[in-house]
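Worksheet for the structure shown next.
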Amino acid sequence: MFQNQPVSFSGVQPSGNLTIGNYLGAIRNFSHFSENYKCFYCVVDEHAITVRQVPAELRRRTYETLALYMACGLDPEKNTLYVQSQVPAHAELGWILNCFTMFGELSRMTQFKDKSAKHADNINAGLFTYPVLMAADILLYQTDVVPVGIDQKQHVEICRDIATRFNQLYPDTFTIPEPVIPKSGMKIMSLAEPTKKMSKSDENTNAVVYILDDRDTIIRKFKRAVTDSGTEVRYAEGKDGINNLMTIYASFTGKTFEEIEREFEGKGYGDFKLAVGEVCADALAPVQDTFKRYISDKAMLEAQMKKGAQEASYYANRTLSKVQKKLGFVQVRG
Ligand code: AQP
């Protein structure tokens with residue numbers, strides 16, 4: 001579709017303030033594709049409403065997520081940055097793909113099981129069919145790679161299954177995408193319960209480091225991070241708290257676990273926690289400075305949204321139209 005240029009697609013839900021999990025597991029890696037891929041990065045607000053949202057907060061976070069994409073180095077001239085609900089083809093293809101997705105396969109999705117346990121009073125159909133809309137997001141752009149954290153791997157796999165099934169019935173419709181998961185930072189865990197993923201919607205704000213937390217808050221949160229009763233900074237089975245801190249330190253510094261173990265030999269957890277807080281705060285400081293500039297310019301962000309939605313719609317509508325034709329929908333021109 002893009003003169004032999006491969007395509008990268010991914011998205012983040014504006015369902016809370018973005019965390020270092022979203023940053024290390026996903027957004028930081030988006031820019032690796034900017035030079036050699038045609039890139040589409042989306043603020044997936046339609047996914048966010050599978051859980052109840054306060055409208056004013058959803059609106060604010062939608063602007064913030066776009067500004068953060070840009071502050072994390074995604075140049076809107078090299079990447080198509082846009083908001084999902086502003087490109088209606090996502091919802092349209094989502095409906096079509098619902099008819100090519102099996103109830104049984106959706107029932108096996110671990111995110112559905114986790115989120116329905118967390119939101120037992122609102123197990124809506126959208127929460128169940130979330131992976132189908134995500135498949136539509138990806139397939140609309142004939143995507144080759146989807147940079148995501150490991151928690152989203154299962155959703156990319158079901159997307160591949162849906163696309164393969166569709167292609168068997170209607171050959172050469174969709175490109176089959178591959179998930180691209182970072183080696184380091186693929187799953188950042190909660191600072192309070194290190195067996196649980198760090199999530200932006202966690203009610204315990206001390207368990208989560210947000211990209212926009214100030215330096216003192218970041219350092220305080222790491223100082224309070226739950227660790228075991230040992231003292232040695234060593235990566236080992238069952239030491240979930242220290243393993244998580246080592247993963248975060250490794251992701252920000254590029255060091256291996258062996259290098260970290262050597263660096264902190266003879267020092268205790270206290271020194272290490274402080275060091276993790278400092279590298280995290282140092283890495284996020286330039287992102288936060290740039291973010292402040294972008295978020296104060298609403299007109300610029302709206303112009304970017306408009307431009308992104310126009311670009312994305314052009315490509316999305318081409319795939320949608322191809323699908324509709326293959327299915328036998330009547331298309332009248334003009
Ligand atoms: N803790 C994490 N470690 C590594 N990667 C993560 N991602 C999320 N949390 C971590 C990656 O961030 C991208 C965007 O995620 P999302 O907004 O689509 O939804 P999510 O995976 O459900 O993220 P959250 O923060 O847990 O949101 P809520 O609390 O609303 O459910 C994805 O690529 C994801 O892998």
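For ligands, and for the atoms within them, numbers begin at 1 and follow the listed sequence.
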Could you tell me, atom by atom, which parts of ligand 1 come under 4.0 Å of a heavy atom of Gly11? 14 (C)
Among protein heavy atoms, which sits nearest to atom 21 (O) of ligand 1, and what does the distance come to when rounded to 0.1 Å? Asp151 OD2, 2.7 Å
Hydrophobic cluster mates of Ile49, side-chain heavy atoms under 4.5 angstrom, ILVMFWY only, any path? Leu58
Is Glu311 paired with Lys307 through a side-chain N to carboxylate O contact shorter than 4.0 Å? yes
A student checking ligand 1 against Lys187 at a 4.0 Å heavy-atom cut-off should list atoms 3 (N), 4 (C)
Tell me whether Glu157 is salt-bridged to Lys153, with the criterion being a basic N under 4.0 Å from an acidic carboxylate O. yes
For atom 32 (C) of ligand 1, what is the nearest protein heavy atom, given as residue, atom name and distance? Gln152 CG, 3.7 Å
Residues in side chain to side chain donor-acceptor pair (under 3.5 Å) with Gln288, at least two apart? none
Counting only nitrogen or oxygen atoms and a 3.5 angstrom limit, does Pro147 reach ligand 1? no
Say whether Asn22 and ligand 1 are in contact under the criterion: heavy-atom distance to a ligand atom below 4.0 Å. yes
Rounded to the nearest 0.5 Å, how far apart are NZ of Lys115 and CG of Leu127? 7.0 Å
Report, in ascending order of atom number, the atoms of ligand 1 lying under 4.0 Å from any heavy atom of Gly149. 5 (N), 33 (O), 34 (C), 35 (O)
Determine the sole option in Tyr37, Tyr41, Phe30, Tyr141 for which the ring pair (Phe, Tyr, Trp, His ring centres under 6.0 Å) test with Phe9 is passed. Tyr141
Look at the rings of Phe103 and Phe128 and say which category their plane angle falls in: under 30° parallel, 30 to 60° tilted, over 60° perpendicular. tilted
With heavy-atom distances below 4.5 Å as the criterion, would you say the side chains of Glu278 and Arg215 are in contact? yes
Side chains of Ile295 and Glu64 in contact at under 4.5 Å (non-hydrogen atoms): yes
Just need the protein heavy atom nearest to atom 20 (P) of ligand 1, so name the residue and atom and give the distance. Lys197 NZ, 3.5 Å
To atom 31 (O) of ligand 1, the nearest of Gln13, Lys115, Lys200, Lys196 on a heavy-atom basis is Lys115
What are the atoms of ligand 1, with element, lying closer than 4.0 Å to any heavy atom of Ala26? 12 (O), 13 (C), 33 (O)
Per-atom filter on ligand 1: closer than 4.0 angstrom to a heavy atom of Val148 are 33 (O)
Given the side-chain rings of His155 and Phe112, with only the six-membered ring counted for Trp, is the space between their centroids under 6.0 Å? no
Using a 3.5 Å cut-off on N or O atoms only, is Ser199 in polar contact with ligand 1? yes
The protein heavy atom nearest to atom 5 (N) of ligand 1 is Gly21 O, 3.2 Å
When you measure from the side chain of Asn243 to the backbone N and O of Tyr235, does any donor-acceptor pair fall under 3.5 Å? no
Looking at atom 3 (N) of ligand 1, what's its closest protein heavy atom, distance included? Ile188 N, 2.8 Å
Closer than 4.0 Å to some heavy atom of Gly25 - which atoms of ligand 1 meet that? 4 (C), 5 (N)
Closest approach of any protein heavy atom to atom 30 (O) of ligand 1, naming residue and atom: Ser15 OG, 2.7 Å
So which protein heavy atom does atom 29 (O) of ligand 1 come closest to, and at what separation? Ser201 OG, 2.4 Å
